[in-house]
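Here the structure comes first, spelled out in structure tokens, and everything after it is commentary.
Values reported hereafter were calculated over all heavy atoms of this structure, with side chains retained and with hydrogens, waters and symmetry mates removed. Each chain gets a letter, A, B and so on, in the order the sequences are listed, and its residues count up from 1.
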Protein chains: 2
Amino acid sequence: MSRDQISTKSRILDTTWSLLETGKSAVRMSDIAKAVGISRQALYLHFPTRAELLVATTRHIDDVKNVEARLEKSRSATTGIDRLHAFIEAWGGYIPEIIGVSAALRAMRDAESAKAWDDRMQAVRHGCEAAVRAIAEDGRLKPELTQRDATDLLWTLLSVETWERLVRDCGWTQDRYEQTIKDLAEAALVARG
Amino acid sequence: MSRDQISTKSRILDTTWSLLETGKSAVRMSDIAKAVGISRQALYLHFPTRAELLVATTRHIDDVKNVEARLEKSRSATTGIDRLHAFIEAWGGYIPEIIGVSAALRAMRDAESAKAWDDRMQAVRHGCEAAVRAIAEDGRLKPELTQRDATDLLWTLLSVETWERLVRDCGWTQDRYEQTIKDLAEAALVARG
DNA sequence: CCGCAACTTGACGCCATGTCAAGAGATCAG
DNA sequence: CTGATCTCTTGACATGGCGTCAAGTTGCGG
């Protein structure tokens with residue numbers, strides 16, 4: 001296991017990640033194997049299916065990019081609005097890091113991949129929920145919105161698909177995306193005061 | 001061709017449509033053939049590829065649901081805001097009709113399908129553009145927004161993915177979806193007056 | 001009766017995932 | 001040194017879609 005300086009498993013994860021980030025639509029098991037410099041079959045010695053390799057890759061990116069630390073910042077915000085902004089920056093800024101593996105995972109049609117992606121989205125939803133709760137506790141949530149509805153809306157604004165539309169399809173910069181989502185989220189959720 | 005009361009081609013299109021609307025993820029050529037009551041190979045006598053069958057199905061739905069007439073209503077609105085509302089009703093209300101074939105088309109990874117879907121989305125974008133222009137001509141467009149930016153935003157709000165998030169994932173009713181998108185679009189695009 | 005058009009049956013190629021079997025080469029324990 | 005084990009290799013094979021090909025069959029119009 002510790003024979004190689006960097007374990008084959010990590011090299012597989014890094015390589016998978018970088019291949020996916022190139023945006024090429026078809027990243028096959030054989031492509032990954034070739035890029036790592038091992039046989040296709042050796043891949044299956046480390047990851048039983050393509051789906052599990054992709055899921056492991058997302059976790060690997062989380063480790064490397066330290067997603068927990070990013071989200072910590074949003075949790076320590078004092079006002080609800082600050083928390084909203086910090087969360088949009090944290091998650092919205094994380095989307096470009098995972099967009100490749102995200103697209104690959106969503107393109108898989110099997111139940112296992114769907115569930116893995118869904119779990120991740122539920123985690124984001126919890127972040128939205130917390131931001132909405134903080135706004136509500138400040139008494140700034142629009143009175144006609146339940147916390148549930150507000151969470152649904154924020155979650156939709158922060159979906160990867162929305163990011164793809166604006167940044168990839170419409171050519172927006174990351175900064176403009178983040179600023180616009182902040183404005184939109186405020187307009188949608190926060191009572192004018 | 002006119003031997004059958006209803007031509008095989010139409011039966012294929014109707015059957016494909018209804019199979020896709022059931023929401024089953026895997027609708028294979030053999031599934032469609034079986035449901036139509038013909039051999040799988042006969043399908044290929046009418047449609048050379050699965051992609052072309054799907055594209056033909058969207059056009060068939062357009063015919064049956066008379067999408068042109070729906071959009072006509074939005075074009076005849078007098079004020080920009082009315083036009084915005086009418087367009088959101090027209091397209092937003094059309095999404096549930098095509099959601100099945102839309103998902104199938106987006107799930108195809110080949111260039112032909114991607115282009116077909118893209119063309120359709122560009123048509124929607126033109127509708128957004130027209131609504132934004134009408135608002136601008138009324139002098140009600142937010143001064144900090146270019147028409148281009150406003151179109152990008154409206155187009156994103158009206159994406160099929162946004163509909164899926166709110167209606168399918170969050171369980172919103174169609175009415176609530178339409179009302180919320182209208183509110184959100186107004187908040188995002190229209191200057192307070 | 002001929003011929004064509006629509007359809008059938010059955011086989012095949014392609015391609016990607018995933019499986020299986022039989023090793024090769026390095027390392028480590030005794 | 002020997003044998004066990006772990007990682008990786010080569011090569012073959014199954015499976016499940018799509019798409020293709022060839023050789024019928026059926027039914028109708030001329």
Side-chain angles (χ1 to χ4, degrees), chain A residues 1-16 19-20 22 24-57 100-101 103-117, chain B residues 1-16 19-20 22 24-57 100-101 103-117:
Chain A
M1 183 65 85
S2 58
R3 188 178 31 173
D4 306 293
Q5 295 212 322
I6 298 169
S7 76
T8 304
K9 205 155 190 160
S10 334
R11 278 191 300 135
I12 292 171
L13 291 170
D14 285 332
T15 306
T16 304
L19 280 182
L20 288 171
T22 66
K24 306 273 179 212
S25 56
V27 175
R28 289 155 296 193
M29 292 300 266
S30 54
D31 295 330
I32 297 167
K34 195 192 292 179
V36 176
I38 60 177
S39 68
R40 189 173 69 89
Q41 285 64 18
L43 236 44
Y44 287 98
L45 297 176
H46 295 278
F47 302 96
T49 64
R50 187 169 181 276
E52 292 199 29
L53 170 54
L54 293 178
V55 172
T57 303
V101 66
L105 209 47
R106 281 176 292 148
M108 305 267 309
R109 318 304 296 161
D110 68 290
E112 189 194 349
S113 310
K115 179 162 188 330
W117 180 246
Chain B
M1 184 64 84
S2 59
R3 189 177 29 167
D4 307 294
Q5 295 212 325
I6 300 169
S7 77
T8 305
K9 205 156 191 159
S10 332
R11 278 190 301 134
I12 293 172
L13 292 170
D14 284 332
T15 305
T16 304
L19 280 182
L20 288 170
T22 67
K24 305 274 179 210
S25 56
V27 175
R28 290 154 296 192
M29 293 299 267
S30 53
D31 296 329
I32 297 167
K34 195 193 293 180
V36 176
I38 60 177
S39 68
R40 188 173 70 90
Q41 285 63 17
L43 236 43
Y44 288 99
L45 298 176
H46 295 278
F47 303 96
T49 65
R50 187 169 182 276
E52 292 200 28
L53 170 55
L54 292 178
V55 173
T57 303
V101 66
L105 209 46
R106 282 176 293 149
M108 305 268 308
R109 318 305 298 160
D110 68 288
E112 189 194 348
S113 310
K115 180 163 186 331
W117 180 247

Take the protein atom [atom1] of [X] and the nucleotide atom [atom2] of [N], then report the distance between them rounded to whole Å.
X	N	atom1	atom2	result
B:Arg50	D:dG19	CZ	P	8 Å
B:Ile32	D:dC18	CD1	P	8 Å
B:Leu45	D:dA22	CG	P	14 Å
B:Arg28	D:dG19	CZ	C1'	16 Å
A:Glu112	C:dG18	CD	C1'	13 Å
A:Phe47	D:dT7	CZ	C1'	15 Å
A:Asp110	C:dT17	CG	P	12 Å

Side-chain N or O of [X] less than 4.0 angstrom from OP1 or OP2 on [N]?
X	N	value
A:Thr8	D:dT7	no
B:Ser30	D:dG17	no
B:His46	C:dC7	yes

Derivation of the side chain to side chain contact (heavy atoms under 4.5 Å, CB included) call for B:Val27 and B:Thr16: CA-CA 8 Å; B:Val27 175; B:Thr16 304; 5.6 Å; no
From A:Met108, A:Arg106, A:Arg50, residue fulfilling side-chain contact (heavy atoms from CB on, under 4.5 Å) relative to A:Ser113: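 Running side-chain contact (heavy atoms from CB on, under 4.5 Å) over A:Met108, A:Arg106, A:Arg50 with A:Ser113 returns exactly one hit, A:Met108.
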Check against side chain to side chain contact (heavy atoms under 4.5 Å, CB included), B:Thr57 and B:Leu105: CA-CA 10 Å; B:Thr57 303; B:Leu105 209 46; over 6 Å; no
Sub-4.0 Å heavy-atom contacts from residues 33-44 of chain A onto DNA chain C, ordered by number: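 Hits under 4.0 Å, by residue number: A:Arg40, A:Gln41, A:Tyr44.
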For the student: nearest non-hydrogen atoms of B:Glu52 and B:Pro48, plus distance: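 Of all heavy-atom pairs spanning B:Glu52 and B:Pro48, the closest is OE1-CG, 3.3 Å.
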A:Met29 to A:Leu53 - nearest heavy-atom pair and separation: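 A:Met29 and A:Leu53 have their closest heavy atoms at SD-CD2, 4.1 Å.
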Rounded distance (nearest 0.5 Å) linking atom CG of A:Asp31 with atom CG of A:Leu20: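 Going from the CG atom of A:Asp31 to the CG atom of A:Leu20 covers 10.0 Å.
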